[in-house]
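Encoded as C-alpha cells, the structure appears first; notes follow it.
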Amino acid sequence: QPDALRFAPLELRSDTNFALEAAADRPETLSGASLVLWNDPAFVAGAVVAGRALPTSLPPHLFKHREVLLAVARKDWRALESLPSSLYTFDLRGRWVYSDDTGDDAEFIIEFFSDAGADDSSSLCAKFWCDGLRTTASGAVSVTGGQVLLEEQDTGIINRYEGRLSSDGREIAGEMRCVEGGHGNSVVAGQTGRFVMRWAGEGPDGRQGPPMPSMRDPREDREVVLEAVRFDPGALS
C-alpha cells in the first residue's frame, strides 16, 4: 500500500536505506518517511535521483536547497514549472520613489500592492501619487525573474515602464514609454525616457525592504538550465 510506511516504527521510518527500499516500486510510499529524513536535503536529492521520490510531489520549500533543485532539474525539469513564484520573486509590495529624465520636477510615489486575498508576488497592482496627492491612475505590475513591467492607465493615458530589479531588490531602473498622452499626462505619446524607482522604506507590516527570495528564478539559473538540457535536450523548449 502507498501509505504503508507511515505505520512502520519511527526508527525504521528514519532509516535512509529502509525508506528508500520501501519506495523502490512505488515512489509515493516515501511520503511516509520521517520528518528527520525529509528535512535532510541530501536524502531528498538522493531519493529524487534514485527515482524513489516524485519531483512533482516535493514540498516547495525543499527547492531552496541547491542539491534538491539540481536533482529535480536532472530527473524531471517540468516539476520546476509548477514552483510558486513567491520562492524566487522579490515581494515588491510597498512604496517606491519615482524619477525619470523627462524633465518633470514633481515628486512621484508609486505603491505596489496585491489584491485582497492574493498571494502571488509576481502579479501586483499599483497606485500613484503626485506631489503628495493621489491620482486617479491605476496600474498593473508583472514580475518575471528580475524584470518588472508596470502599465499605468488613466482616462486617455497609458504609460509603460519596463525595468530591471537590482540585486538587493531596492531599485528598479529601465525605460518608460508614453503610449497615450491624454490630458494631465506629464509626457506625450511616443515619448520615452529612462526612469528609476527606489524603495521608499514603507512596506506591509512596517518592513524596511523587500524580503530576499529563497532562491533564484530557475529559468535564469545557468547551472539549473544546463542540467535540465543535459539530461533532456528538449527541456525548456
Side-chain angles (χ1 to χ4, degrees), residues 81 84-213 216-222 225 236:
E81 295 184 324
S85 61
S86 57
L87 282 177
Y88 53 80
T89 304
F90 276 96
D91 183 354
L92 303 183
R93 291 177 301 164
R95 292 195 172 191
W96 298 77
V97 178
Y98 174 90
S99 62
D100 59 36
D101 61 4
T102 61
D104 194 323
D105 295 328
E107 180 186 67
F108 291 99
I109 299 290
I110 302 175
E111 180 180 351
F112 295 158
F113 66 98
S114 55
D115 283 330
D119 190 34
D120 184 0
S121 56
S122 67
S123 181
L124 301 171
C125 302
K127 305 173 185 176
F128 302 81
W129 279 262
C130 178
D131 286 335
L133 298 177
R134 169 81 185 275
T135 74
T136 56
S138 61
V141 187
S142 63
V143 184
T144 305
Q147 292 293 128
V148 181
L149 173 63
L150 164 64
E151 181 166 290
E152 174 190 12
Q153 293 194 10
D154 205 343
T155 304
I157 294 175
I158 299 178
N159 296 320
R160 291 202 181 107
Y161 310 84
E162 295 187 46
R164 184 81 185 174
L165 189 65
S166 62
S167 60
D168 63 0
R170 303 179 71 89
E171 183 176 291
I172 304 169
E175 182 179 87
M176 66 80 59
R177 176 181 297 275
C178 176
V179 180
E180 292 186 22
H183 177 71
N185 203 354
S186 59
V187 288
V188 298
Q191 185 174 354
T192 62
R194 302 295 299 177
F195 77 86
V196 176
M197 298 183 204
R198 293 185 173 88
W199 177 256
E202 300 177 39
D205 306 319
R207 57 179 172 78
Q208 296 303 302
M212 294 289 287
R216 292 179 59 190
D217 184 340
R219 293 166 298 184
E220 296 191 348
D221 189 316
R222 179 182 176 86
V225 172
L236 309 176

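Sequence positions, counted from 1, serve as the residue numbers for this chain. Note that the coordinates shown come from a computational prediction; the quantities given were computed from them, not determined experimentally.
A salt bridge links E175 with R177: the closest approach of a Lys/Arg side-chain nitrogen to an acidic carboxylate oxygen falls below 4.0 angstrom.
Taking 4.5 Å as the limit, every side-chain heavy atom of Q147 sits out of range of all side-chain heavy atoms of S142. V179 has its side chain within reach of R160: a pair of non-hydrogen atoms, C-beta onward, lies under 4.5 Å apart. Side-chain contact check for I110 versus L150: some heavy-atom pair is nearer than 4.5 Å. You'll find the side chain of F113 reaches within 4.5 Å of the side chain of K127, heavy atoms only. Side-chain contact check for I172 versus W96: some heavy-atom pair is nearer than 4.5 Å. A 4.5 Å side-chain heavy-atom check between I158 and Q153 finds at least one atom pair inside the cut-off. Using a 4.5 Å heavy-atom cutoff, the side chains of E107 and W129 are not in contact.
Between the CD atom of E111 and the CG atom of L92 there is a distance of 12.5 Å, given to the nearest 0.5 Å. Once rounded to the nearest 0.5 Å, the distance linking CZ of F108 with CG of D100 reads 7.5 Å. A distance of 7.5 Å separates OG in S114 from CG in D91, rounded to the nearest 0.5 Å. Between the CE atom in M176 and the CE atom in M197 there is a gap of 9.5 Å [rounded to 0.5 Å]. E151 contributes atom CD, which lies 9.5 Å from atom OG of S138 (distance to the nearest 0.5 angstrom). Separating the OG atom in S166 from the CZ atom in R198 is a distance of 10.0 Å, to the nearest 0.5 Å.
Closest heavy-atom contact between V196 and A173: CG2-CB, 4.2 Å. Summarising the geometry of A200 relative to V97, their closest heavy-atom pair is CB-CG2, 3.9 Å, with the distance given to 0.1 Å.
Counting heavy-atom neighbours within 6.0 Å of E162 CD, excluding the residue itself, gives a total of 12 or less.
Between the D131 side chain and the A106 main chain, no donor and acceptor come within less than 3.5 Å of each other. The main-chain N or O of E152 is never found under 3.5 Å from a side-chain atom of N159 such that the two would form a donor-acceptor pair.
Aromatic rings from Y161 and F195 are positioned such that their centres are separated by under 6.0 Å.
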If you apply the rule side-chain contact (heavy atoms from CB on, under 4.5 Å), what do you find for I157 with E180, and how did you get there?
CA-CA 5 Å; I157 294 175; E180 292 186 22; 5.7 Å; no
